[in-house]
Protein chains: 2
Amino acid sequence: MASRLVLTSWLNQMVNLSKKAKTQRVAATADKLDTKQKILAAAETEFMTRGYDGSRMQAIADRAGLNKAMLHYHFRSKDELFEQIFRDKASLLFPKAHEGLRAHTNFIEFTCGFVDMYLALLNQHPYLPFYMLQVATANAVLFSQVAADFPVKFVRAFTAAAKAGQIRDHDPQQFLLSLVGMCMWPFIGKNMIQHNLGLSDAVFATLLEQRAAEVKRYVVLLLTPEARAATRKKS
Amino acid sequence: MASRLVLTSWLNQMVNLSKKAKTQRVAATADKLDTKQKILAAAETEFMTRGYDGSRMQAIADRAGLNKAMLHYHFRSKDELFEQIFRDKASLLFPKAHEGLRAHTNFIEFTCGFVDMYLALLNQHPYLPFYMLQVATANAVLFSQVAADFPVKFVRAFTAAAKAGQIRDHDPQQFLLSLVGMCMWPFIGKNMIQHNLGLSDAVFATLLEQRAAEVKRYVVLLLTPEARAATRKKS
DNA sequence: GTCTATATTATGATAGAC
DNA sequence: GTCTATCATAATATAGAC
């Protein structure tokens with residue numbers, strides 16, 4: 001119960017990170033940054049949906065209700081504008097793993113809480129994963145500048161929990177790969193999935209709502225020490 | 001045993017599809033299409049790694065050891081060149097589900113076989129998933145022209161197997177989502193994963209080798225009717 | 001079929017008035 | 001700070017000689 005509270009507050013913090021940051025920035029500098037914010041918002045939409053190469057400064061200007069010259073006044077170049085947005089977004093998708101990972105008393109509970117919160121985050125920012133992947137693929141140098149400490153710390157906590165007998169022994173990296181894949185894939189592959197299964201937006205939304213339960217079922221099933229019945233290999 | 005043979009031949013066919021097709025084409029038209037093949041090969045590399053917007057006709061020409069004019073001679077425009085390659089590649093990632101899905105006698109065995117073969121396919125064409133996702137995102141019209149009958153047929157076979165009591169009852173779409181996500185994510189997220197976990201190419205390759213066993217473990221664990229112990233929901 | 005040279009347009013970026 | 005007008009260049013595409 002106590003760990004649950006700590007966990008929830010940490011994970012919620014992670015979800016609300018950007019919203020808070022934006023509000024602070026706007027409030028602090030009054031209306032002078034209004035235009036800058038408009039540009040950032042427009043650029044965000046453009047870059048997130050079309051990627052760097054597919055985005056046009058003209059399109060960003062149109063979307064912001066301004067002209068191209070204003071973009072270059074507030075941000076020297078397309079690159080600079082892109083990088084500023086990238087750093088904001090990276091800190092969203094790659095939250096810092098502070099106390100959360102150490103505060104848990106039950107690793108399975110912690111992981112289930114993480115799934116809930118991370119899927120909530122992705123629902124708020126559905127384009128984020130694919131956008132980050134595009135950067136990771138197209139601009140390795142830029143991408144390497146953002147650090148995510150969560151994965152490494154998660155693997156360590158997993159290993160510790162396994163040693164303590166709290167969870168079934170397993171390859172932590174493979175587990176993390178499965179976990180992240182299960183969470184991110186519906187957002188990354190939305191268009192492909194909808195087309196291949198012939199799903200309307202409404203049906204797909206329902207699928208997303210039920211996603212957390214599905215992933216958590218996998219977590220419990222795989223990690224619970226007792227549930228070891230049918231796990232012998234096939235080939 | 002018999003079903004295993006049918007299964008394997010069908011799945012192997014799917015993996016070898018493009019290799020066969022290419023050989024046939026080259027052999028059929030002798031050396032006249034040599035240049036065209038060079039262009040296609042160069043364009044494939046370029047488009048697959050940089051996407052449509054990031055690719056340059058000049059870069060393709062350089063890679064093929066030709067000049068830009070030749071690209072426009074053999075293919076009217078960048079769009080046409082791109083679309084030709086896209087259709088080839090789509091048929092690779094979206095194999096036709098012929099007899100395979102009906103020939104199985106055990107759905108879990110079939111699914112495990114599918115995982116093996118599909119991961120082998122992805123290992124041969126690691127850029128394929130991300131490339132297809134880029135098209136699905138950037139050019140919905142083009143993407144909608146390729147059809148994948150596998151997902152729908154898989155869902156039907158799943159439902160039938162569940163009704164027959166061969167597998168545990170479960171949402172087939174959620175299962176497919178998890179299955180595909182677990183298979184594709186390491187290829188889609190390679191750069192991000194390696195960076196976030198600090199993995200060398202060699203270590204990551206090892207991770208990929210062990211991937212099939214991990215995914216199959218999940219399949220068996222989730223679908224085996226008896227293994228129903230710890231599946232109650234959490235929240 | 002293949003090349004060089006060139007046309008045409010799109011796009012990022014800047015100059016300068018207000 | 002914001003705008004209009006313009007520059008400079010990069011990229012797709014074509015013309016025409018060989």
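Per chain, numbering begins at 1; letters A, B, ... match sequence-line order.
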Engineer: Where do N or O atoms of nucleotides 3-7 of chain D meet protein N or O atoms at under 3.5 Å, pair by pair?
Structural biologist:
unit_1 : atom_1 : unit_2 : atom_2 : d
D:dC3  : OP2    : A:N67  : ND2    : 3.1
D:dC3  : O5'    : A:N67  : ND2    : 2.9

Engineer: If the condition is salt bridge (charged side-chain N to carboxylate O under 4.0 Å, His left out), which residues does B:R56 pass it with, not counting sequence neighbours?
Structural biologist: none
Engineer: Once you build an axis from the first five pairs and another from the last five of the helix from C:dG1-D:dC18 to C:dC18-D:dG1, how far apart in angle are they, to 10 degrees?
Structural biologist: 10°
Engineer: Which residues satisfy the side-chain hydrogen bond (donor to acceptor under 3.5 Å, both in side chains) test with A:E209, sequence neighbours excluded?
Structural biologist: none
Engineer: I'd like to check the side-chain contact (heavy atoms from CB on, under 4.5 Å) partners of B:D79; sequence neighbours left out, ordered by chain and number.
Structural biologist: B:Y52, B:S77
Engineer: Give the residues of residues 48-63 of chain A touching DNA chain C, defined as any heavy atom closer than 4.0 Å, sorted by residue number.
Structural biologist: A:S55, A:R56, A:M57
Engineer: Kindly write out the residues that satisfy side-chain contact (heavy atoms from CB on, under 4.5 Å) with A:T206, not counting sequence neighbours, or none if the list is empty.
Structural biologist: A:Q210
Engineer: Can you list the residues that meet the side-chain hydrogen bond (donor to acceptor under 3.5 Å, both in side chains) rule with A:K190, with sequence neighbours excluded?
Structural biologist: A:Q194
Engineer: For B:R50, what residues pass the side-chain hydrogen bond (donor to acceptor under 3.5 Å, both in side chains) criterion, not counting sequence neighbours?
Structural biologist: B:E46
Engineer: For B:V155, which residues count as a side-chain contact (heavy atoms from CB on, under 4.5 Å) partner, sequence neighbours excluded?
Structural biologist: A:L197, B:T159, B:P172, B:Q173, B:L176
Engineer: For A:A138, which residues count as a side-chain contact (heavy atoms from CB on, under 4.5 Å) partner, sequence neighbours excluded?
Structural biologist: none
Engineer: Output every pair passing side-chain hydrogen bond (donor to acceptor under 3.5 Å, both in side chains) with a member in residues 133-146 of chain B, not counting sequence neighbours, ordered by first then second residue.
Structural biologist: B:R87-B:Q145
